[in-house]
Amino acid sequence: MIQELSEQELLRRNKLEEIRKAGIEPYPAEEFEINANAADIKANYERDKINYKDISFAGRLMMVRDMGKAAFAELQDSTGKIQVYIKRDEICPGEDKNLYDLLWKKWIDLGDFIGIKGYVFTTKVGEISIHVQSLKLLSKSLKPLPVVTVDKEGNAHDAVTDPEFRYRQRYVDLVINPKVRKTFEQRTAVINSIRTFLNNHSALEVDTPVLQSIPGGATARPFITHHNALDMPLYLRIANELYLKRLIVGGFDWVYEFSRNFRNEGMDRTHNPEFTILEFYVAYKDYFWMMKTTEQLLEKIAMDLHDTAELEVGDKKINFAAPYKRISIYDAIKEHTGIDVSKMDEVALRDTCKKLHLEVDDSMGKGKLIDTLFGEKCEDHYIQPTFIIDYPVEMSPLTKKHRTEEGLVERFELIINGKEIANAYSELNDPIDQRARFEDQVKLMERGDDEAMFIDHDFLRALEYGMPPTSGIGIGIDRLCMLMTNQVSIQDVLFFPQMRPEAKAVAEGEHSQTH
RNA sequence: GAUUCCGUAGCUCAGCAGGUAGAGCAUUACACUUUUAAUGUAAGGGUCCUGGGUUCGAAUCCCAGCGGGAUCACCA
């Protein structure tokens, strides 16, 4: 199948040939040395003019205002845009005006990368610009870039807003939408902030297997793959929890990993099939310590990014300053339904759910029923960061039993803006109890719960050697980034969100034209 | 997976009581040596997502498919 090139694409390919015929390499190999960037020039030129007389700058050509024998253009580098001024007699001092008349005026297009040397000056109208003394084509662009213009009021015209275009061709989105770049820089800032916090506490960053023979540590449907040499199924990890705990058994006091997890479930604006959870485990701590640490961490992230703990998220203000409200899951359900479920057995719970018109079936055990009740009736109400604590044992197979409350475990979830952001516990380190909990999961699986956990015998063996009392947490990094960058869709905090393949082959047709 | 909206030039969009496809920016040509959504004059550019159907005639109406968004379900 041959996809025809557009008029503009053909033109650019023709220009490419003209450039080569003129003896100019459109994709030069040698380094182009740079000694300034756009943001630096704009910020520092006025008070430090002496240092901006011999500038070497490179960037992508975004706009040209041609005046005949001179032109203004805008170049964009990784720090932003800057205006440059190109005068024919300046870059072509002799008789030969081809560099200007042909290369600059005819052959260079919007989207090309060019390198310039020159000096910084301020134009009549007061814009800091680079006066070009020499010009070099660094890379020819063969596809026209959407042109987004910004007027005096700062309004963008013809901005590309089509989500499909933006997600499939993120590289273009990043070039033409400066806010998108900022969001991703902030995502990295969130991760750096966390890493600094953890490293300052002498935590050890580790890597654990992504390919696992038993997908453990969470309740979710895994992706299955196959290892040919071993001739066995392998699962992409749904969590790294059981491996990090093995490392606590091995004697590390505090380990952490930014874990790319894979769950074979639905997709929407808060779910992508692959996503990132930060998990960390700390020896000799409990879930109270973990709540304090979590508050401190989130407050620090907000401060590092925004210099304030109070952030605008959609039409709400969310305050990340510690401490956060704590409420038990039973009290939360009582508060929002008026029903005390703390003493109910499975049958009574199922009836209660039915009365509240919640969809339930016989495969659901006590834990899942309570989870449903909370998720449907309560979760949405917690906008400010809130710790929901003390879950029933049935829904927490890896969590230590509560020190005083029968039937509960020492667990909390952190809810922000109606969404779960973190999940943490005092870790179950009693190997006998852990084995019993796994066996309960098997019974759930036999009843038809396809998310129940498998027994991980090696993990049990590790616990039998002894794991110190430990507290652990998983923090949803993508969702945290959505809050910190004020984005409503997970697709806007992932560079390349999962998409169905495009119907039309993008590459095939175009290759067959150029080979 | 269900419901609903959307798919027209490189980009943003208009066109729909069915009658041979339009604008702005971008592109091409010419003019212009401090402009800034530069300007002026002229020109080119489209399997109207794909495939069927109704009709003398479909971008427009109907059906199916593909892709995307939103809402819901599952879930973090």
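Heavy-atom basis, side chains included; hydrogens, waters and symmetry copies ignored. We name chains A, B, ... by the order of the sequence lines, and we start the count at 1 in each one. Since we're looking at a predicted model, the values are computed, not measured.
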Taking pairing as Watson-Crick or G-U wobble with both contacts under 3.5 Å, can you name the mate of [N], or confirm there isn't one?
N     : result
B:C56 : B:G19
B:A64 : B:U50
B:C25 : B:G10
B:G1  : B:C72
B:C30 : B:G40

Tell me the interatomic distance from [X], atom [atom1], to [N], atom [atom2], rounded to whole angstroms.
X      : N     : atom1 : atom2 : result
A:Q169 : B:G10 : CD    : P     : 12 Å
A:K81  : B:A37 : NZ    : P     : 12 Å
A:Q83  : B:U35 : CD    : P     : 10 Å
A:D162 : B:G10 : CG    : P     : 14 Å
A:I86  : B:A38 : CD1   : P     : 15 Å
A:E153 : B:A37 : CD    : P     : 9 Å
A:Q498 : B:G67 : CD    : C1'   : 14 Å
A:K143 : B:G10 : NZ    : P     : 9 Å

What nucleotide, of B:U35, B:G68, B:U12, holds the atom closest to the side chain of A:R500?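 That would be B:G68.
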
Report, one line per pair, each donor and acceptor closer than 3.5 Å where one atom sits in a side chain of residues 67-76 of chain A; sequence neighbours left out.
from  : atom 1 : to     : atom 2 : distance (Å)
A:E74 : OE2    : A:R65  : NH1    : 3.3
A:E74 : OE2    : A:R65  : NH2    : 3.2
A:Q76 : NE2    : A:V175 : O      : 2.9

Side chains of A:Q491 and A:S489: do they bring a donor and an acceptor to under 3.5 Å?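 Present: a donor and an acceptor within the cut-off.
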
With A:R411 as the cation and A:Y391 as the aromatic partner, state whether NZ or CZ is under 6.0 Å from the six-membered ring centre and within 45° of the axis.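 The answer is yes, since A:R411 meets both limits relative to A:Y391.
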
Distance below 4.0 Å between A:K152 side-chain N/O and B:A37 OP1 or OP2: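 Result: yes.
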
If the cut-off is 4.0 Å, is A:K106 near the phosphate of B:C30, judged by side-chain N/O to OP1 or OP2?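 The answer is yes; a side-chain N or O of A:K106 sits under 4.0 Å from OP1 or OP2.
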
Checking all strands, does [X] fall into the base, sugar-phosphate, or nothing category for heavy-atom contacts under 4.0 angstrom?
X      : answer
A:A159 : sugar-phosphate
A:S6   : sugar-phosphate
A:D66  : base
A:N272 : base

Side chains of A:F438 and A:P397: does their closest heavy-atom pair fall under 4.5 Å?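 A side-chain contact under 4.5 Å is absent here.
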
Across nucleotides 69-74 of chain B, 5' to 3', mark each nucleotide with B, S or - according to how protein heavy atoms within less than 4.0 Å reach it. S-S-BB

B/S/- contact track for nucleotides 21-27 of chain B, protein heavy atom under 4.0 Å: ---BSBS

RNA chain B: 5'-proximal contact among A:I277 and A:R65 (nearest heavy atom):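 Residue closer to the 5' terminus by nearest nucleotide: A:R65.
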
Both A:T122 and A:T161 contact RNA chain B. Taking the nearest nucleotide for each, which residue is further toward the 5' end?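 The residue whose closest nucleotide sits nearer the 5' end is A:T161.
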
Should the pair A:Y85 and A:F121 be assigned to parallel (<30°), tilted (30 to 60°) or perpendicular (>60°) ring geometry?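 A:Y85 vs A:F121 ring planes: tilted.
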
Below 30° counts as parallel, above 60° as perpendicular, anything between as tilted: where do the rings of A:F262 and A:F223 land?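 A:F262 and A:F223: perpendicular rings.
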
Pick the C1' atom in B:U35 and in B:U60, then give their distance to the nearest Å.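 My reading of the C1' atoms in B:U35 and B:U60 gives 44 Å.
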
Roughly how many Å apart are B:C49 and B:U8, using the P atom of each and rounding to a whole number?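 Each nucleotide's P atom is 6 Å from the other's.
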
What distance separates A:H336 NE2 from A:H381 NE2, expressed to the nearest 0.5 Å?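 Here the rounded value is 4.5 Å.
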
Using a strict threshold of under 4.0 Å (side-chain N to carboxylate O), is an ion pair present between A:D440 and A:R437?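 Here A:R437 does not pair with A:D440 in a salt bridge, since their nearest N and O are not under 4.0 Å apart.
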
Any donor-acceptor N/O pair, A:D478 side chain to A:C481 backbone, under 3.5 Å: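 Pair absent, no side-chain N/O of A:D478 close to backbone of A:C481.
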
For A:A39, does its backbone N or O pair with a side-chain atom of A:T79 as donor and acceptor, under 3.5 Å?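 Yes, because the side chain of A:T79 sits within donor-acceptor range (under 3.5 Å) of the backbone of A:A39.
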
Aromatic ring proximity A:Y52/A:Y119, centre distance under 6.0 Å: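 Not close enough - the centres of the two rings lie 6.0 Å or further apart.
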
Look at the side chain of A:E127 and the base of B:U34, then say whether one donor and one acceptor between them are separated by less than 3.5 Å.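 Such a pair does not exist between side chain and base.
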
